[in-house]
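Contents: one structure, followed by commentary.
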Amino acid sequence: GAVVSQHPSRVICKSGTSVKIECRSLDFQATTMFWYRQFPKKSLMLMATSNEGSKATYEQGVEKDKFLINHASLTLSTLTVTSAHPEDSSFYICSAGGPGAGVSEQFFGPGTRLTVL
Amino acid sequence: QKEVEQDPGPLSVPEGAIVSLNCTYSNSAFQYFMWYRQYSRKGPELLMYTYSSGNKEDGRFTAQVDKSSKYISLFIRDSQPSDSATYLCAMKSGAGSYQLTFGKGTKLSVIP
């Protein structure tokens, strides 16, 4: 299957700082990328969908000014958590889909664990 | 009623047992059904992908879809400790759509 990487895998930051998480498709062009959030013992919660070169579409209840998403190229999307607070601590997972990845399949990155102190 | 219901478990079975994991759904527009396996602190990986009703087998894994009952299942034969993970069902309506609706996931432990 197609490979999606995320960086960093784990980040600890102080409250009030901003954190950027990168999601890369390594061997295919990702026309669409998704960002999910996952709390312990809970399912994946879709935060936003981004198409390359377009503004992200955010799910209801997700603050677009707090979770900035940029999908500037066919292989890279970034999620920036601005002015992070302890309640933003979570497991963030991206996924990607596009030509070469299989028809309309999403391939997931390994996730980034964010801890805000 | 949530769109996709999945018992979160946990489910604990002895090694070698047959495992049955299930999801029910309410949206009759769903046509494509997937099972993902997620190890602790890792992203989900696609296990099985099926279209409409019927069975699909891949090694020790069998996926079943019963659209009339809006019920899908994943069977794992001869379960191994390495199968210990959370299993998420997911589904979507259109072939050209990437948007997935996930179940909560069932945490499975296979005891040696």
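Order of the sequence lines fixes the chain letters, A, B, ..., with proteins taken first and strands second; residue numbering starts at 1 for each chain.
- Distance check: B:L46 CG to A:F108 CZ gives 9.0 Å after rounding to the nearest 0.5 Å.
- The hydrophobic cluster containing A:L117 also includes A:I12, under a criterion of side-chain heavy atoms closer than 4.5 Å among ILVMFWY residues, counted directly or through chains of members.
- Within the 4.5 Å cutoff, no side-chain heavy atoms of A:Q38 are placed close to those of B:T86.
- With rounding to the nearest 0.5 angstrom, the CD atom of B:Q38 is 8.5 Å from the OG atom of A:S43.
- At a heavy-atom separation below 4.5 angstrom, chain A is approached by no residue within residues 56-64 of chain B.
- A continuous path of Ile, Leu, Val, Met, Phe, Trp and Tyr side chains, each step under 4.5 Å between heavy atoms, connects B:I72 with B:L11, placing both in one hydrophobic cluster.
- Cluster partners of A:L79, using a side-chain heavy-atom cutoff of under 4.5 Å among ILVMFWY residues and allowing indirect links, are A:V11, A:V19, A:I21, A:W35, A:M45, A:M47, A:Y58, A:V62, A:F67, A:I69, A:V81, A:Y92, A:L114, A:V116.
- Under the 4.5 Å side-chain heavy-atom criterion for grouping Ile, Leu, Val, Met, Phe, Trp and Tyr, B:F102 is not connected to A:M33 through any hydrophobic cluster.
- Looking at heavy atoms from C-beta onward, B:M34 lies out of side-chain contact with A:Q106 at the 4.5 angstrom threshold.
- Surrounding NE2 of A:H85 are more than 12 heavy atoms belonging to other residues, nucleotides or ligands, all under 6.0 Å away.
- For B:P44, the parts sitting under 4.5 Å from any heavy atom of chain A are the backbone and the side chain alike.
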Contacts under 3.5 angstrom, residues 105-112 of chain B side chains, donor-acceptor by atom type, not counting sequence neighbours:
unit_1 : atom_1 : unit_2 : atom_2 : d
B:T106 : OG1    : B:Q6   : NE2    : 3.3
B:T106 : OG1    : B:D7   : O      : 2.4

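- In A:K55, the NZ atom is not crowded: 12 or fewer heavy atoms of neighbouring residues, nucleotides or ligands sit closer than 6.0 Å.
- In this structure, chain A has a heavy atom under 4.5 Å from the side chain of B:Y36, while its backbone stays farther away.
- Going from atom CD of B:Q99 over to atom OG1 of A:T32 covers 9.5 Å, rounded to the nearest 0.5 Å.
- Separating the CD atom in B:E45 from the CZ atom in A:F107 is a distance of 11.0 Å, to the nearest 0.5 Å.
- The hydrophobic cluster containing A:F91 also contains A:L46, counting ILVMFWY residues as joined when their side-chain heavy atoms lie under 4.5 angstrom apart, directly or transitively.
- For B:K67, the NZ atom is densely surrounded, since the number of other residues' heavy atoms within 6.0 Å is greater than 12.
- Grouping the Ile, Leu, Val, Met, Phe, Trp and Tyr side chains by contacts below 4.5 angstrom, directly or via other members, places B:Y87 apart from B:F75.
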